[in-house]
Amino acid sequence: MNNRYVVIDVETTGNSPARGDRIIQIGAVVVENDIIVDRFSSFVNPEIPIPPFIEQLTGINDEMVTDAPLFEEIAPAILQMLEGSYFVAHNVLFDLNFLQEEFENSGYRRFSGPMIDTVELSRVLLLQADSYQLGQLADYLGIVHENPHQADSDAEVTAHLLVQLLDKLNTLPLLTLQRLEPFLKKMQSSLEEIVKDIIISKSSRIEDEEGMDYFRQLAIKSFSPVEKEDIGADAGVDPQSLLRTLAEEMEHYETRESQQKMIGMVFEAMEDHQHAVIEAGTGVGKSLGYLIPSLVYGKQHDRPIVISTHTIQLQQQLMERDIPILKNILPFPFHATVLKGRNNYLCLRKFEQSLDDSYDDNYDTNLTKAQLLVWLTETTQGDVEELNLASGGKLFWQQVKSDSGSCLNQRCPWFSRCFYHRKRKEAMVSDLVITNHALLFTDVKSDAQLLPSYKEVIIDEAHHVEEVVSDHFGVQTDYFVFVRLLERMGTKEDNGLVQKLYELTETTEVPGLEESLDKIAMKLPDLKMELDDLFRTLRDYVLEAKKSSMNDFGRVSYRYGEREGKRVAWQAIMEMSQRVHFEVNDLEKLLKKTTQLCEEKEDHFNFKQKGLVADFNGVRNQLQEEKEKLRHLLWEVNDDEVFWLEVEAKGAKNAVYLYSKPIVIGDMLADEFFAKKNSAVLTSATLSVRNSFQYMTSRLGLDDFGPITANLPSPFSYDQQVKFMVPEDVPLINEVDQETFVAVIARQLYHIAKVTRGRMLVLFTSSDMLRETYNVFKNISNSDEFVLFGQGIDSGSRARLTKNFKKFEQSILFGTSSFWEGIDIPGEDLSCLVIIRLPFAPPDNPVTAARSDKLKKDGGNPFMELSLPQAIIRFKQGFGRLVRTQRDKGVVFVFDRRITETRYGKSFITSLPPVPVQKGLMADLLTDLEGWLDPS
């Protein structure tokens, strides 16, 4: 076994050796038998100037390399070191390509040995890492990284990373390594020999690997079913008294009056079978404020309590931070579990079958299969949120996720180990079931009971309820949904389900099956053609009818209604949709007949063949669902719903998305949800408007129930901790064109950033304006002055952008949409929040427009009753990003003068915690701010 690894890192003048970029520093670390045995490092004279950006990134300047050796002088030492070794690097092709170019230019042979990419190996083995950048992996694994972007330090860290990765590879079960082998052969890294040697070693000393369950040639982590906890003898405890225990248990716990009130109110609401709406300001501690009384009440009455949140982050916070605290202070045992929608869980049957499937045999699919094999040895949840999948991996997940349409239930050999069914069973015996709004209201809509029977529910982040319910009781489909289903069905030749059923006839006699499949194969192209015609015509119709600006997703939206029926172009669309409907009906009959033919012979099928028929039937059911959705969206237009189309003006000719949502959900929620629950407690930091809950209770159908309401103030001293400034020399957007407006605000943002030294979050209501401002700001500032991050400009999720923002001192984050809420940047990482415009929904948004029309028709005032309250709640969410702890201190700038110059603008201010408002010229405000931030 070759167990000598040379770990190399190079710093360079740029990214492309082909364009003349050169090495300026090289670090090499030799690892043998998991021990570092040698090191080499040297600056290298590149014979060209080092660009300022590289100097800033690496700290290496021209002076440091002037007297350094040329690469040709150190090449022999490096080649000798590499002799008979694995070449290892973090993102191996980058370092190797530079070295190969330098070797060639110096007249030496290129390296031709095996290589290992520690990025790739980390992606396979370190599934829960947030990022695969070297610095973040070092943090994740506890490796000290002293000088990032210096070759010697990076090589040293990569060497320690390699040792940990090889050690983890060694600890994988023998069966997992055997299943991994064919996929590792298709990786960039040369891992076959390493894995083969580990397999030989493990095979010679068969060990019983603890904590593993071996079934059907897969190793999965063992799982012990959860038993229902007995009711504790002290379940009659007073919830308020538990705060004293909490203070004793937690070193820095501070008693908060608002939290005490919340505990009492939640318990009272449950005891009296009342609904409650509680606004709990930042810092109240609302999670414990509802968890403590819920658990006590649930235990006393032996009933489960459901907690619903909008974000995964809050679910994780509850499980990782709050539940462990409560396990310590509550005088009785309890069990809490998180239950998500079915598509979040892996289907073990589908995954098992995918391992032998060469369909879609590309790098991303092979990498994802390898990742999932390793993950199965670690997870007891089977929840996709535990994984950091790349976009290709997310596509593969669609093939192996659990779904009801293709589930074999008790007929599946994996049934007792099924992640989804295990989770449901666990939820049935849990005292606390933490779920999300989407599943909560899917459960209301669904005939099948997804959640355990419950009468009490806490809805956190409740300001999202109206939109979530609208989404779940709405209907949507698009061209790509149909196309993916047809691709999954496939043809005789392309390894889809049809072709696999043809193969089934070669081993098992199923009378009539081949003839039925022939008819399906002939029918699929006709349906595809009709779908293409319909969706292309819909796109043309929208672009002709609405020559307006695109939304934040680059789409043009068009709201349609019964009036369309009078238009000749729409009548043609109706005829096309009718043809699609008939084509799908004809295909469905063939698919149904095919399923029946297979089911008649099911006793003769093996497990894999039964799974194939289940998958085929699942696609048939989905196709039928999508057909009914399309019919509803085009043929059943009514006044109670809003219907609209979205098209990608610059996208594919058939990229069309159809939507409908109920305009009002209050009555439905009142009848189908609130009337059936003893107590629903809705809470959030933003539920009131001008200190009234009327907007929220009315929209959600709670008025007739007379809910308890309370506004529990934050314990923070906002008047001491926050400056609220409105510059009077920023123009209103309607006073100037957008280019002028962007130029002014970019300049003003730059002036603010100079005073606050970055640490600034800038919130926009438009992605277009964000991009323009970002670019202008970049041109104004020096390249090394501030580190800029832009949503939609820099790649990565909201969590990743936030994490990167916190890493740099002088950073500025430009955000829109999702950045108005749910991000948590406490302390000095965020000292300044800038709100560019008051966050009114665009008036041409189809749902907003339809709700406004309905209000107008009923004699209401759409602006005062809908647009303004929505904007105020959004504004409060944005404002809440700044102060997250009692020690935070910072400034909020609002660049929209309407907040102080209009009557309705004052409603935004009165909805906030008490904080003085300063108006004035930007220069004066900044002078004042400078003294406040640095009183010395």
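- For the residue pair Q499 / E503, a side-chain donor-acceptor distance below 3.5 Å is found, with atom types taken as modelled.
- Considering Q150, R39, H145 in turn, R39 is the only one that fulfils the side-chain hydrogen bond (donor to acceptor under 3.5 Å, both in side chains) rule with E156.
- The backbone N or O of V163 lies less than 3.5 Å from no partner atom in the side chain of D167, so there is not a single donor-acceptor pair.
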> Is there a side-chain contact (heavy atoms from CB on, under 4.5 Å) between D152 and Q25 once you walk through the steps?
Replying inline: CA-CA 8 Å; D152 48 357; Q25 188 189 25; 3.8 Å; yes
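- A 4.5 Å side-chain heavy-atom check between K221 and T379 finds every atom pair outside the cut-off.
- A donor atom on one side chain and an acceptor atom on the other are not found under 3.5 Å apart for T13 and R22.
- Side-chain N or O atoms of D62 include one that pairs as donor or acceptor with a backbone N or O of I50 at under 3.5 Å.
- Ion pairing of D38 with R4 is absent here, as no side-chain N (NZ or NE/NH1/NH2) approaches a carboxylate O to less than 4.0 Å.
- A donor-acceptor contact shorter than 3.5 Å links the side chain of S190 to the backbone of M115.
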> Run the salt bridge (Lys or Arg N to Asp or Glu O under 4.0 Å) check on R484 and E487 step by step: do they pass?
Replying inline: CA-CA 5 Å; R484 277 193 292 271; E487 285 175 351; over 6 Å; no
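- Judged purely by distance below 3.5 Å, without hydrogens or angles, the side chains of T58 and E11 never pair a donor atom with an acceptor atom.
- With rounding to the nearest 0.5 Å, the separation of CG in L166 from CG in L191 is 8.5 Å.
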>> Checking R19 against E101 for the salt bridge (Lys or Arg N to Asp or Glu O under 4.0 Å) test, could you report, in this order, the C-alpha distance in whole Å, the side-chain angles of both residues, the deciding distance, and whether it holds?
In response: CA-CA 11 Å; R19 288 203 297 266; E101 190 82 10; over 6 Å; no
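- One side chain, S818 or Q791, offers a donor N or O that lies under 3.5 Å from an acceptor on the other.
- A 4.5 Å side-chain heavy-atom check between S42 and P69 finds at least one atom pair inside the cut-off.
- Ring pair F87/F111 is tilted by interplanar angle, where 30° to 60° counts as tilted.
- Counting heavy atoms from C-beta outward, D213 and F223 have side chains that stay 4.5 Å or more apart.
- Smallest separation of non-hydrogen atoms from L389 and K394: O-CE, 3.4 Å.
- Minimum heavy-atom separation, A159 to I36: CB-CD1, 4.2 Å.
- The side-chain contact (heavy atoms from CB on, under 4.5 Å) test with E385 singles out one residue from Q128, Q315, K340, and that residue is K340.
- In this structure, the side chains of V88 and T118 come closer than 4.5 Å at one or more pairs of heavy atoms.
- Between M64 and G59 the shortest heavy-atom distance is SD-O, 3.4 Å.
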>> Under the criterion side-chain contact (heavy atoms from CB on, under 4.5 Å), I'd like the reasoning laid out for I78 against I8: C-alpha separation, chi angles, the key distance, then a yes or no.
In response: CA-CA 10 Å; I78 296 166; I8 287 183; 4.3 Å; yes
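- Between D9 and H90, the closest side-chain pair of non-hydrogen atoms is not below 4.5 Å.
- The closest donor-acceptor contact from the side chain of Y132 to the backbone of L126 lies under 3.5 Å.
- Look at K350 and D403 and you find a salt bridge, because one of the NZ, NE, NH1 or NH2 atoms lies within 4.0 Å of a carboxylate O, short of that distance.
- C347 SG to D615 CG: the interatomic distance, rounded to the nearest 0.5 Å, is 7.5 Å.
- For the atom pair L99 CG and F94 CZ, the distance stands at 10.5 Å (nearest 0.5 Å).
- Using a 4.5 Å cut-off on side-chain heavy atoms (C-beta onward), E352 and F607 make contact.
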>> Go through it in stages, so that I can follow the logic: the residues are C407 and Y420, the test is side-chain contact (heavy atoms from CB on, under 4.5 Å), and I'd like the CA-CA distance, side-chain angles, deciding distance and then a yes or no.
In response: CA-CA 11 Å; C407 183; Y420 172 68; over 6 Å; no
> Where do H421 and R342 land on the side-chain contact (heavy atoms from CB on, under 4.5 Å) test, with the steps shown first?
Replying inline: CA-CA 9 Å; H421 287 292; R342 184 165 192 159; 3.6 Å; yes
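- Taking both residues in full, the closest heavy atoms of F789 and S811 are given as CE1-CB, 4.1 Å, listed atom of the first, atom of the second, then distance.
- Counting non-hydrogen atoms of neighbouring residues, nucleotides and ligands closer than 6.0 angstrom, the CG atom of N105 exceeds 12 such neighbours.
- Of the possible donor and acceptor atoms, one in the side chain of N366 sits under 3.5 Å from a partner among the backbone N and O of N362.
- A pairwise comparison of heavy atoms in T380 and F419 identifies O-CD2, 3.9 Å as the closest pair.
- N147 places no side-chain N or O within 3.5 Å of a backbone atom of S153 that could act as its donor or acceptor partner.
- Using a 4.0 Å cut-off between charged side-chain N and carboxylate O, E120 and R123 make no salt bridge.
- L218 places a side-chain heavy atom less than 4.5 Å from the side chain of R179.
- Donor-acceptor pairing under 3.5 Å is lacking for the side chains of K608 and Q353.
- Between the CG atom in L387 and the OG1 atom in T368 there is a gap of 9.5 Å [rounded to 0.5 Å].
- A donor-acceptor pair is defined here as one N or O able to donate and one able to accept, closer than 3.5 Å; such a pair exists between the side chain of S222 and the backbone of G211.
- Remark: side-chain polar atoms of D383 are not paired, donor with acceptor, to backbone N or O of E386 under 3.5 angstrom.
- Residue Q381 holds its CD atom at 7.0 Å from OH of Y345, rounded to the nearest 0.5 Å.
- Between R349 and C412, the shortest heavy-atom distance links the atoms CB-SG, 4.0 Å.
- The main-chain N or O of D197 is never found under 3.5 Å from a side-chain atom of S201 such that the two would form a donor-acceptor pair.
- Between F183 and V124, the closest side-chain pair of non-hydrogen atoms is not below 4.5 Å.
- Within the 3.5 Å criterion, the main-chain N or O of S122 finds no donor-acceptor partner in the side chain of K168.
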